[in-house]
Amino acid sequence: MLLADEVATHHPVLSANPYQPHLARIVRIHKMVENNYLFTLRFAEDHLARAFRHQPGQFIMLSVPGVGEMPISVSSSPSRPEVLELCVRRVGRVTNALYRMRTNDVVGVRGPYGNGYPMQEIMGNDLLLAAGGLGMAPLRSLLWYALDHRDKFHNITLMYGAKRPDDMLFREELLALVDRTDINCLLTVDADDSGTWKNHVGLLPTLFDHAKIDPLRTYAAVCGPPVVYKFILQRLLDLGFPKNRILMSLERRMKCGVGKCGHCSIGYKYTCLQGPIFTYWDAINLPEMI
Amino acid sequence: MKILKLPKEKLDLFASVVQQFGELHAPVEQDGKYVFKRLMRWSDARLEYDRTILPPKKYFLPPRETLFRYRPGEGFVPHTEGLDQRIILFGVHACDVYAINILDRVFAGKYPDPYYQARRKHIAIIGIDCSPDKHCFCRSMRADFVDHGFDLFFYDTGDYYQALVGTALGDDMVLATGSLFEPVDGTDIDDYKRRSWNKRRAFQLEVEIRDLPEIFEMEYQSEIWEELGEKCLSCGSCSMVCPTCYCYDVADHVELGSRAGRRARSWDSCLFASHALVASGENFRGPRASRIKFRFYHKQRGFVAEYGRPSCVGCGRCISACPVGIDVVQVIDRLRRVQDVASR
Amino acid sequence: MSKPTVGIFGLTGCAGDQLVILNCEDRLLDIVALIDIRDFLMASSENDEGCPLDIALVEGAVLSRRDADKLRAIRQRSKILVALGTCAVWGGVAAMDRGKDRARLLEEVYGEIGLTYDSSPAQALHEVVKVDLGIAGCPIEKEHFIAAVAALLNGDTPLYPEYPVCTECRMRENNCLLIERGELCCGPITAGGCEARCPELRVPCVGCRGPAGDTNVPSFVAMLEQKGFDRQQLAARLRTFAPEGVAQ
């Protein structure tokens, strides 16, 4: 289900243009964490807003007119269509410009791109989501997709760790999951100065003590900074996870998103086409993957 | 395939007729080097050239190209100027046609690049036979002959050019000349075979590409990459002149006093420090050694996995354009050389 | 919205970059319509020397206490400080011999009285104050200046090439002066953005735009030595526009 295919812009010379951004309006800007805002977008054209479908784990190319374009993973679930939620970290020129924008301002969107999580393969199994810090952004789409299709999955476990409670993305929404019985939602912080944190305190891997995981019937989706990969991946391997059931979401420089510009190439795979979701087996077989 | 022959003395006549199909471009001399350029007169064409500084890719993927114009309220409007200009590239060598065939695959796929596709559709290619010089190793890369990707291809068989007609357009060109072309007979076929044999023997460079992907995997940690990293100037010359390097950068250029502007792409190189740098500051190929390794790896190994053959066509341009003499043939030779285990 | 206030200043330098601004002829009226130039000694006799500035453009290098004081004062009254030209960004020609004994140089040139002059080894602006943006070039490219104004007006920063001159030289399909003619061309280590203007005219690059984003000077020097260039001569050429140790 590709937007680029569905709404090919017809032009005498350029019949279908995968680089064509479509205008979208910022309908909400929500400050989740300092320099990590959640932008909610809706395509200016109604039929696009309705036609747009993505897979959890896919990304879009976001244009800030007059400044540039960048890849951003979609944080909203396809089960909640019509708007796109993007968790954008303020790190460079383009994101700085985006942060200066207001509600109702117009940006450009094209996509969705990338493989996304292999949902058909995951369905019918247990699902473990493990995220550290900002790694929750791409996993949140998968989380809500799974919860909205609850009958398609067996046990669902979320393990999410942040430095302090204030650094936790989607905090209120995730806290509301803690008491639910259809998901084992484990939230931890490295330290809590506020004294108000009622969940776990300790590093992310300590959450394994509170989860029951059957490595042979579980898919693990992991995302986070390198240190998260380092500890979580080892833990999963120790538990006996097959390497092709550990799914990672990778970040690379991208200029096109459609396998042309070359920047996201790793060895012989394009992160934008064959990724950004790679199995751990892919990762250890491709140079410079992690 | 339709095969005909053109008496050599009638080539200029053919050239004048063929101009009705588009603007004629061919290699012309520039201080002892050659560049593809618009011909002002046929006598400027140099069909017996070694190699052009830039490959014909500059016609299909220009060094700089505007993709969109942006205006608040209007959005992004594709920039299509010049995309349908009819050009005839006269005198393209087999390796360069082969390279265009490779670019065709890169710019097709799941998301065809409409800018490239439009140009490819409007630019005709008339190939020409050549003789290898000291930097040519197209034979080793199996790009010394092409069977598609051109409209016409001329082989020099002495008194004649033997012409392979590759497309309907090529056929129209032949027909437009009336009776300039003649059918080939047994003698002509023998002439061609002799020519082919002579060309084969003229190669001075050779590399073995069979099992090269495996060798690249095995030598991934080789010290040769560090050595090359110390030598490489990251000047990007090899990428610019490479007929199959297609990496590009994209930037928005805003107009003075507004948010309007244009989005343009320009040739990029994996040897630049910024190539794999992300906004957060992490660089997945920071050290120069890892960048030059990536370049070789992607061409000679990565492409095999993706498209079934290396993307290098052996044109020799990167060898002659490297200021510090980094030579792909020598690199491959060194990777292949059996080393004493004790000296590792 | 009121127009941003701008000041354009020269420290020690040739004023060539300010001249480029004045030479934007066809665009000058557009620029002036968008910004409020309050302080520009080279172009105007009536200047507001104390007002706060949104943008200060400073040309030249710091070569005296007076320069340094002036620069600090500009920094203090400006939100954004732009280093204009290679002297401001890298120290430039004046910094060529900044490692040498200053007193002896002054005496050699001016005689004994030279020792009383206010003169210090050349420094790039960023060595004295915080610089928000650098536009290199000797002189700067007109288009780069306009791009900077366009971007700064929107609150953005312009992007300039970090790749070397060779990249653009190859794009323009010039014959390589280094390889084909064995000339001392600094293209491989010099920042591009000039469209290889000199090599295009068969004049070797002298490095006037300062170092490219990622340079390999040891390999560059070794290659030239192999071509027969003398180490001293090379060192002098490499120091001409950006002395050693002026890290950005």
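Below, read A as the first sequence line, B as the second, and so on, with proteins coming before strands; counting in each chain starts at 1. Owing to the predicted nature of the structure, the values given are computational and were not obtained by experimental measurement.
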For this session: Select, from C:Asn154, C:Leu178, C:Ile31, C:Ile179, the one with the greatest count of heavy-atom pairs under 4.5 Å involving chain B.
Result: C:Asn154

For this session: Report, as yes or no, whether the 6.0 Å neighbourhood of atom CD on C:Glu46 holds more than 12 heavy atoms from other residues, nucleotides or ligands.
Result: no

Seminar exercise, completed: Okay, B:Ser258 and chain C: the region with an atom under 4.5 Å from a heavy atom over there is backbone

Problem set entry | Max heavy-atom pair count under 4.5 Å with chain C, selected residue of B:Cys235, B:Gly236, B:Ser239 | B:Cys235

Exercise. Just wondering, do C:Leu34 and B:Leu256 contact through their side chains at under 4.5 Å, heavy atoms?
Worked result: yes

Exercise. Using non-hydrogen atoms and a limit below 4.5 Å, what part of residues 161-177 of chain C faces chain B?
Worked result: C:Tyr163, C:Pro164, C:Cys166, C:Thr167, C:Glu168, C:Arg170, C:Met171, C:Glu173, C:Asn174, C:Asn175

Exercise. Would the number of heavy atoms belonging to other residues, nucleotides or ligands and lying under 6.0 Å from CG of C:Leu29 be above 12?
Worked result: no

For this session: Using modelled atom types only, decide if a donor and an acceptor are shared between the side chain of C:Asn216 and the backbone of B:Cys232 within a distance under 3.5 Å.
Result: yes

Problem set entry | Residue among B:Ala273, B:Pro62, B:Ser237 with most heavy-atom pairs under 4.5 Å to chain C | B:Ser237

For this session: Step through the shown structure and confirm whether more than 12 heavy atoms of other residues, nucleotides or ligands are within 6.0 Å of NZ on C:Lys227.
Result: yes

For this session: Could you give me the CA-CA distance, side-chain angles and deciding distance for B:Asp31 and C:Arg202, then say whether side-chain contact (heavy atoms from CB on, under 4.5 Å) is met?
Result: CA-CA 11 Å; B:Asp31 291 346; C:Arg202 293 179 207 169; 3.0 Å; yes

Exercise. What residue in B:Cys322, B:Ala321, B:Pro63, B:Gly257 has the most heavy-atom pairs under 4.5 Å with chain C?
Worked result: B:Ala321

For this session: Heavy-atom distances under 4.5 Å only: say whether B:Val35 touches chain C with side chain, backbone, both or neither.
Result: both

Exercise. Can you pull the salt bridge (charged side-chain N to carboxylate O under 4.0 Å, His left out) pairs that have at least one residue in residues 225-238 of chain B, sequence neighbours excluded?
Worked result: B:Glu227-B:Arg334

Problem set entry | Beyond-backbone contact of C:Met223 with B:Leu233, side-chain heavy atoms, under 4.5 angstrom | yes

Problem set entry | Check: B:Glu255 and C:Ile146 side chains under 4.5 Å, non-hydrogen atoms | no

For this session: Using a cut-off of 6.0 Å, state whether more than 12 heavy atoms not belonging to C:Arg237 lie near its atom CZ.
Result: yes

Exercise. Which atoms of B:Arg291 come close to chain C, meaning under 4.5 Å heavy atom to heavy atom: side chain ones, backbone ones, both, or neither?
Worked result: side chain

Exercise. So which of C:Leu159, C:Asp30, C:Thr215 has the largest heavy-atom pair count under 4.5 angstrom toward chain B?
Worked result: C:Thr215

Exercise. More than 12 foreign heavy atoms under 6.0 Å from NZ of B:Lys37: is that the case here?
Worked result: no

For this session: Determine whether more than 12 heavy atoms belonging to other residues, nucleotides or ligands lie under 6.0 Å from atom CD of B:Glu48.
Result: no

For this session: Would you indicate whether B:Arg64, at its atom CZ, is surrounded by more than 12 heavy atoms from other residues, nucleotides or ligands within a distance under 6.0 Å?
Result: yes

